[in-house]
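Accompanying notes for the structure given below.
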Amino acid sequence: MTAEAARRSRRAGLASCNGTESIMFVDDFKPTDFTLTVQTPQLWRVAFNNPPVNVIGTAMIRDLKLLLTELETNTTVNAVVFESADPDFFLAHWDLAANPAETEALPSPTGYAAWVDVLVRLSHLPAVTISAIRGIARGAGSEFILATDVRFASFEKAILGQMEVGFTALPGGGAAGRLPALVGRGRSFEILLSGEDYSAELAEKYGYVNRAIPDAEFSAFIDAWALRVSRWDRRVIADIKHYVNKYTLLADEEFPPQSDAFWASAGRPAFQSINEQLFERGLQTRGALEYDLGAQVGAIFPRDVTDA
Amino acid sequence: MTAEAARRSRRAGLASCNGTESIMFVDDFKPTDFTLTVQTPQLWRVAFNNPPVNVIGTAMIRDLKLLLTELETNTTVNAVVFESADPDFFLAHWDLAANPAETEALPSPTGYAAWVDVLVRLSHLPAVTISAIRGIARGAGSEFILATDVRFASFEKAILGQMEVGFTALPGGGAAGRLPALVGRGRSFEILLSGEDYSAELAEKYGYVNRAIPDAEFSAFIDAWALRVSRWDRRVIADIKHYVNKYTLLADEEFPPQSDAFWASAGRPAFQSINEQLFERGLQTRGALEYDLGAQVGAIFPRDVTDA
Amino acid sequence: MTAEAARRSRRAGLASCNGTESIMFVDDFKPTDFTLTVQTPQLWRVAFNNPPVNVIGTAMIRDLKLLLTELETNTTVNAVVFESADPDFFLAHWDLAANPAETEALPSPTGYAAWVDVLVRLSHLPAVTISAIRGIARGAGSEFILATDVRFASFEKAILGQMEVGFTALPGGGAAGRLPALVGRGRSFEILLSGEDYSAELAEKYGYVNRAIPDAEFSAFIDAWALRVSRWDRRVIADIKHYVNKYTLLADEEFPPQSDAFWASAGRPAFQSINEQLFERGLQTRGALEYDLGAQVGAIFPRDVTDA
């Protein structure tokens, strides 16, 4: 299908269901750090694509906010798959070289800090949100998938973790608020306190992801699952989301204090020092440090202690 | 043991513990769609037996309500096993050919809709309720086992699922309220949104059942487990049920709105159309459709969309 | 390292971080039923050592209370490992030969019964509490590990269970309040109602422990995990504990009624009779009964019933 044919097909699909606003949105939307594909009018796919390791920076936040604004009122899209163009890095983590002032200057309909605004709104979308995780999702990348409705992981390729403790910080996007509903009390403590990497196999055991799927079957599984769900009646999707959220979703106001705790830590010399040391060793480049960050944060943590 | 000897033995057991009321109940109780066996005065067994596929119809509801009324005041029975006479179908689902007016006309001590009345009362019984699942438990059949205290499944024979989404309906018996306490937030979404079948193996991984037991060991496991539990002191069973319920059981009033949402959907043309199409293809007969209903609802969902 | 060198090293480490109070505590503290080892100033290790089977008696409670008082105000210790000197018995259970009056006469800062005081305070410590379970942890021993933040178990050596139901009693230390946040509703019922033993493998499946680790790797795993966590910034540990506790820890006042229920049962003739029978068969000696107590309580439960 040529680009123009695809565009016509998409317009036709959207026009039949959703009026002109969504056509305008899709045609006008030019995100820089991810791509948006209209697989069907009911099923959209977002592929993160911010080389070299898919960090979450200001441009990605800006475009995610625009996408959320569209999805909040779109009455056709029933399911959104979030995946990555890079098979090794789903979303490495927050862009630690970004200027927080720029990110925080973006519009925030909730009034919350930028990352909280994104995740709280993501968790309230009418569409089913599906994380299809191949590669590494650490820190804010892990928080993103925790804020979607379901999480499927490539058995061989997915790695998850909340390594913020190694930066002397509580995760700022609410991992401490979302993990308990998935993995229970003891494993929430373990994931947050260790900051270590979790394989898809262990993540499935814990409930950190719904299921680990062999990588050879992963694409077909996601395609079939997402297409099936996207075709259901919109009203029953709304009912299911309403009730499961009622019993399992924390109140929005639980999240800003966790974000405040993160930013308080981020302003301290210890955080800055670790950050600098990690950039010297290759943070945010496609090298050994990013592949092994869960273990490495423990190795460089700069304490002046006399332990063996 | 002859029938008369069994009857005398049962009378003796009951008389020593429970007065004359229970003797009268057991002797007079003639359920049509399940059998009641008094294994010991403390341990009763209910075997669903409504060929061809064990649907939950008006007669079964009527007799379950009578059984619940007895168990609510019975001070001898400590444990009740729910199993099926049919090794392929535990409880296929709600009887979609039944006349709702007849079912709803049955007495409802809680004042709730018929199925909510059954499940809410089931969840409050003083006796330990044990689902021994061999065969398929979908839809309302899955909701029945979710309302019991514990669930054991035959590794090879059990299949669970909430396929209501494929009928354009929220499950009406509270699956959205009971799954989160067993499988957590993400897997509750998955089970309800996909409507797919879950093998015992995957159901065990998720916590949808307590444990999957190899079918060759299943009967012996259930017999030993239920007998052991039925012999404990009644007061400690009451204490355990009180505290675990206190921390994990939703308030009764959470369930009627889910039932209302189901019946609202059931009155819509889309539900009726799917229902008719499925009956044409063999619904509620012992054939391919019922064995594979989780997948099939996705195949026939009647949407007029242009997706690939 | 000689004892004197170790003492000097410990003093030096403590002095640099924590003032003179902790030095005095460690040097003066002479627990009889466990040992306290200062691995680093940030990482303490407690090894239960009360032969023949590590029951939880008055002296152990007394010394645990002293340790808790120190840890509540200590601003250096970031992690405490609880392990056992005995590879077969982590903590067998409450000392059923102890005089409750003596245990209850110990100081109780919370005002709660002795065991509730210990476990509630344990669950609120600023340090990360880690159960490293090799051997049997039943009854109050299981409740101890449930009150710590994380639980790792030797795959081959660990056995867990709440066998109190076999004594006609609700667990008194809050197992019914802590299990649901780890294993969910159905498996909480199962563990408490069956009173059976759980292997590390099954306990991991259920979330009763975080993870089962092959015994050959167990010590190295615990050493690395605890050392890593103990070295993080104290403030982020506090943040993580605050938020995970906020969403998953029951209010303290939930626990005294469960303790009251236990002691009410313990005063009844049935409990006393079972207790006596078990002592006659070798309770609290290093023999077959203690190794197999989960199964044995079911065998001796003294009911006068006519069941088959």
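Residue numbers start from 1 in every chain, and the chains themselves are labelled A, B, ... in the order their sequence lines are given, proteins ahead of strands. This structure is a prediction, so every number in the text was calculated from the model and none was measured.
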So which residue, [options], ends up with the most heavy-atom pairs under 4.5 Å with chain A?
| options | value |
| --- | --- |
| C:Leu43, C:Val150, C:Ile240 | C:Ile240 |
| C:Val229, C:Leu249, C:Asp149 | C:Asp149 |
| C:Ile237, C:Val209, C:Asn245, C:Thr148 | C:Asn245 |

| Test side-chain contact (heavy atoms from CB on, under 4.5 Å) applied to C:Arg234 and A:Thr168, step by step | CA-CA 8 Å; C:Arg234 189 167 181 78; A:Thr168 72; over 6 Å; no
Minimum heavy-atom distance [X]-[Y], with the two atoms named:
| X | Y | value |
| --- | --- | --- |
| A:Ala176 | C:Tyr247 | O-CD1, 3.5 Å |
| C:Asn210 | A:Gly186 | ND2-O, 3.0 Å |
| C:Glu204 | A:Arg187 | O-NH2, 2.7 Å |

| said: Let's go through A:Phe189 and C:Thr129 carefully: what are the C-alpha distance in whole Å and the side-chain angles of both, what is the deciding distance for side-chain contact (heavy atoms from CB on, under 4.5 Å) to 0.1 Å, and is it a yes or a no? | reply: CA-CA 10 Å; A:Phe189 270 135; C:Thr129 52; over 6 Å; no
| query | Among A:Leu192, A:Leu179, A:Val183, which residue forms the greatest number of heavy-atom pairs with chain C at distances under 4.5 Å? | reply | A:Leu192
| task | With the side chain counted from C-beta on, respond yes when C:Arg235 and A:Arg268 share a heavy-atom pair under 4.5 Å apart, and no when they do not. | result | yes
| Do C:Tyr243 and A:Glu254 get their side chains close enough for a donor-acceptor pair, meaning under 3.5 Å? | no
| request: Go through the side-chain N and O atoms of A:Tyr206 and C:Arg211 and say whether any donor and acceptor fall under 3.5 Å apart. | output: yes
| said: Strictly distance-based, threshold 3.5 Å: is any side-chain N or O of C:Asp239 a donor or acceptor partner for the main-chain N or O of A:Leu170? | reply: no
| field | Exam field: side chain C:Trp232 to backbone A:Leu193, donor-acceptor pair closer than 3.5 Å | value | yes
| request: Check each atom of C:Lys241 against the heavy atoms of chain A and say whether the ones under 4.5 Å are side chain, backbone, both or neither. | output: both
| Per-residue contact mode, C:Val128 against chain A (heavy atom under 4.5 angstrom) | side chain
| Roughly how far, to the nearest 0.5 Å, is the CG atom of C:Leu182 from the CZ atom of A:Arg185? | 7.5 Å
| Which portion of A:Glu164 sits near chain C, non-hydrogen atoms under 4.5 angstrom | neither
| said: Looking at C:Phe155, I'd like to know if its CZ atom is crowded, meaning that more than 12 non-hydrogen atoms belonging to other residues, nucleotides or ligands lie closer than 6.0 Å. | reply: no
